[in-house]
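In what follows, a structure is listed as structure tokens, so that the remarks can point back to it.
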Protein chains: 2
Amino acid sequence: MDFQEAHDILTNHLKASGKHRATPERFAILDAVLQSQGHFDAESLYYRMITNGVKVSKATVYNTLEILQDCGLVSKYRFAENTSRYEKAFGRPHHHHMICLNCGDIIEFVNDKIERIQEEACNEKNFKVQSTTIQIFGTCSKCTKRP
Amino acid sequence: MDFQEAHDILTNHLKASGKHRATPERFAILDAVLQSQGHFDAESLYYRMITNGVKVSKATVYNTLEILQDCGLVSKYRFAENTSRYEKAFGRPHHHHMICLNCGDIIEFVNDKIERIQEEACNEKNFKVQSTTIQIFGTCSKCTKRP
DNA sequence: CTCGGTGCAAATGCTTTGCAATGTC
DNA sequence: GACATTGCAAAGCATTTGCACCGAG
């Protein structure tokens, strides 16, 4: 994980937008995201930062996650619950999710064939893709074994 | 659209559950859903019913939409916004959505190949599928033409 | 007659907002 | 300096809940 490269992406994005400023909070939040594993929500990222002695407000966390999403450093998902989940997208292949409705486990999977078919379908309809999400809800193998 | 058949599905589902009762409100909500076109949210379904002189509470609408989802008569989605969207699923093929980030238009599409590949991917991971959602975000052809 | 369901209204919890203070550019 | 950004705390808003009454089985 190359922090410097991620910082550069954010810096360029902020500059390119014309009226965004490079604040320490934004880079601190990016760092916290880069250190994260798997999926997290805004709240827990906030608490992790506070616990680590980084000063931020929740409002800034939400705001910055939005910006990080805009420049592709973070992906945002909404699974079953009422909370948005995020994950770092930097240095990771595009993937999708199987969500176990029993234990809440999230299994990631990559599939090039689907990717290609989606593209075809969009070309057919002259739809210009920006991002795609596939969510498969069901029961994971662990939960199928032990009821 | 066969109302009777849908009613039967609901009746059986309620009976099968063992402790759900067949109340007039539940069937009234099912009827309102069957009369709907495209996607709607709980609020607008509620207001449509009230306007038509059907007496229900919002709580019951939410509760019943959950039940209708359980028996496959309704599908629930969460697109970009903060509101859950529903659509009737009775007598409709399984399909997915392209969401235009510009005008909010939702384009439905069906693709058997994707369906099959998803199944394969799940078999590989011993994941028992219950439902799948594909969401493609981007710009529709209309919006691409006129900026 | 029993207990699940209904309808309010109030509560919940995630997310956004208003505003004064702050710090980039 | 100008004005975007921050940090609170308060507001918003979709959804859920608590509770007394109602009615299906």
Side-chain angles (χ1 to χ4, degrees), chain A residues 7 10-32 39-71 74 76-86 104, chain B residues 7 10-32 39-71 74 76-87:
Chain A
H7 275 219
L10 177 54
T11 304
N12 290 336
H13 177 78
L14 293 173
K15 232 175 247 168
S17 82
K19 47 175 67 186
H20 276 50
R21 289 178 183 169
T23 65
E25 286 83 0
R26 286 178 174 162
F27 289 97
I29 292 168
L30 172 55
D31 286 344
H39 303 85
F40 58 88
D41 56 25
E43 187 91 359
S44 57
L45 186 74
Y46 167 71
Y47 279 118
R48 186 147 52 78
M49 295 185 72
I50 293 296
T51 305
N52 291 344
V54 184
K55 294 193 73 170
V56 267
S57 68
K58 244 181 246 181
T60 303
V61 169
Y62 276 104
N63 166 23
T64 302
L65 282 173
E66 193 77 14
I67 294 175
L68 294 179
Q69 205 194 337
D70 286 346
C71 57
V74 157
K76 181 179 181 179
Y77 301 101
R78 195 123 201 179
F79 300 128
E81 349 83 45
N82 39 332
T83 320
S84 293
R85 317 280 307 176
Y86 301 84
Chain B
H7 275 219
L10 177 54
T11 304
N12 290 335
H13 177 78
L14 294 173
K15 232 175 245 167
S17 81
K19 46 177 64 184
H20 276 50
R21 289 177 182 169
T23 66
E25 285 84 359
R26 288 176 174 165
F27 289 97
I29 292 168
L30 172 55
D31 286 344
H39 302 85
F40 57 88
D41 56 26
E43 186 92 0
S44 56
L45 186 74
Y46 167 72
Y47 279 119
R48 186 146 53 78
M49 294 185 73
I50 293 295
T51 305
N52 290 344
V54 184
K55 294 193 73 170
V56 267
S57 67
K58 245 182 247 182
T60 303
V61 169
Y62 277 104
N63 166 23
T64 302
L65 282 173
E66 192 77 14
I67 294 175
L68 293 180
Q69 206 193 336
D70 287 345
C71 57
V74 157
K76 181 179 181 178
Y77 302 100
R78 194 121 201 181
F79 301 127
E81 348 82 44
N82 39 333
T83 321
S84 293
R85 318 280 306 175
Y86 302 83
E87 68 177 342

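Protein chains get the first letters and strands the later ones, always in sequence-line order, with residue 1 at the start of each.
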Contact list (N/O, under 3.5 angstrom) for nucleotides 23-25 of chain D vs protein:
| residue | atom | partner | partner atom | Å |
| --- | --- | --- | --- | --- |
| D/dG23 | N2 | B/Arg21 | NH1 | 2.4 |

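Taking B/Lys58 as the reference, B/Glu43 meet the salt bridge (charged side-chain N to carboxylate O under 4.0 Å, His left out) condition, with sequence neighbours excluded. For B/Asp41, the side chain to side chain donor-acceptor pair (under 3.5 Å) partners are B/Ser44, not counting sequence neighbours. For B/Glu87, the salt bridge (charged side-chain N to carboxylate O under 4.0 Å, His left out) partners two or more places apart in sequence, or in a different chain, are B/Arg92. A/Phe27 is linked by a ring pair (Phe, Tyr, Trp, His ring centres under 6.0 Å) to A/His7, counting only residues two or more places apart in sequence or in another chain. Listed by chain and residue number, B/His39, B/Tyr77, B/His97 satisfy the ring pair (Phe, Tyr, Trp, His ring centres under 6.0 Å) test with B/Phe79 (two or more places apart in sequence, or in another chain). Listed by chain and number, the residues in a salt bridge (charged side-chain N to carboxylate O under 4.0 Å, His left out) with A/Lys15 amount to none (sequence neighbours excluded).
You'll find the side chain of B/Met49 reaches within 4.5 Å of the side chain of B/Ile29, heavy atoms only.
Distance CG/A/Leu65 to CZ/A/Phe40: 6.0 Å, rounded to 0.5 Å. B/Asn52 CG to B/Tyr47 OH: the interatomic distance, rounded to the nearest 0.5 Å, is 14.5 Å. One finds the OG atom of B/Ser57 at 8.5 Å from the CD1 atom of B/Ile50 (value rounded to the nearest 0.5 Å).
A/Asp41 comes within contact range of no nucleotide atom at all, as no heavy-atom separation falls under 4.0 Å.
With a heavy-atom cut-off of 4.0 Å to chain A, the contacted part of DNA chain C has its first and last nucleotide at C/dC14 to C/dC25.
Pairs of residues two or more places apart, or lying in two chains, never qualify as side chain to side chain donor-acceptor pair (under 3.5 Å) while including a residue from residues 62-71 of chain A. Among residue pairs with one or both ends in residues 21-31 of chain B, none qualify as salt bridge (charged side-chain N to carboxylate O under 4.0 Å, His left out); sequence neighbours excluded.
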Would you please test A/Ile67 and A/His13 for side chain to side chain contact (heavy atoms under 4.5 Å, CB included) and show each step? CA-CA 9 Å; A/Ile67 294 175; A/His13 177 78; 3.9 Å; yes
Expected string for nucleotides 9-14 of chain D under the B/S/- scheme (protein heavy atoms, under 4.0 Å, primed atoms plus P, OP1, OP2 as sugar-phosphate) is -----S
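Nearer to the 5' terminus of DNA chain D, by closest-nucleotide assignment, is the contact made by A/Ile67 (compared with the other of A/Ile67 and B/Lys76).
Computed from C1' positions of five pairs at each end, the angle between the two local axes of the helix from C/dC1-D/dG25 to C/dC25-D/dG1 equals 40°, rounded to 10 degrees.
For the pair B/Tyr46 OH and D/dT15 P, the interatomic distance rounds to 14 Å; values are reported in whole Å. One can place NZ of A/Lys55 at 11 Å from C1' of D/dC8, the figure rounded to the nearest angstrom. As rounded to whole Å, 11 Å separates atom C1' of D/dT16 from atom CD of B/Glu66.
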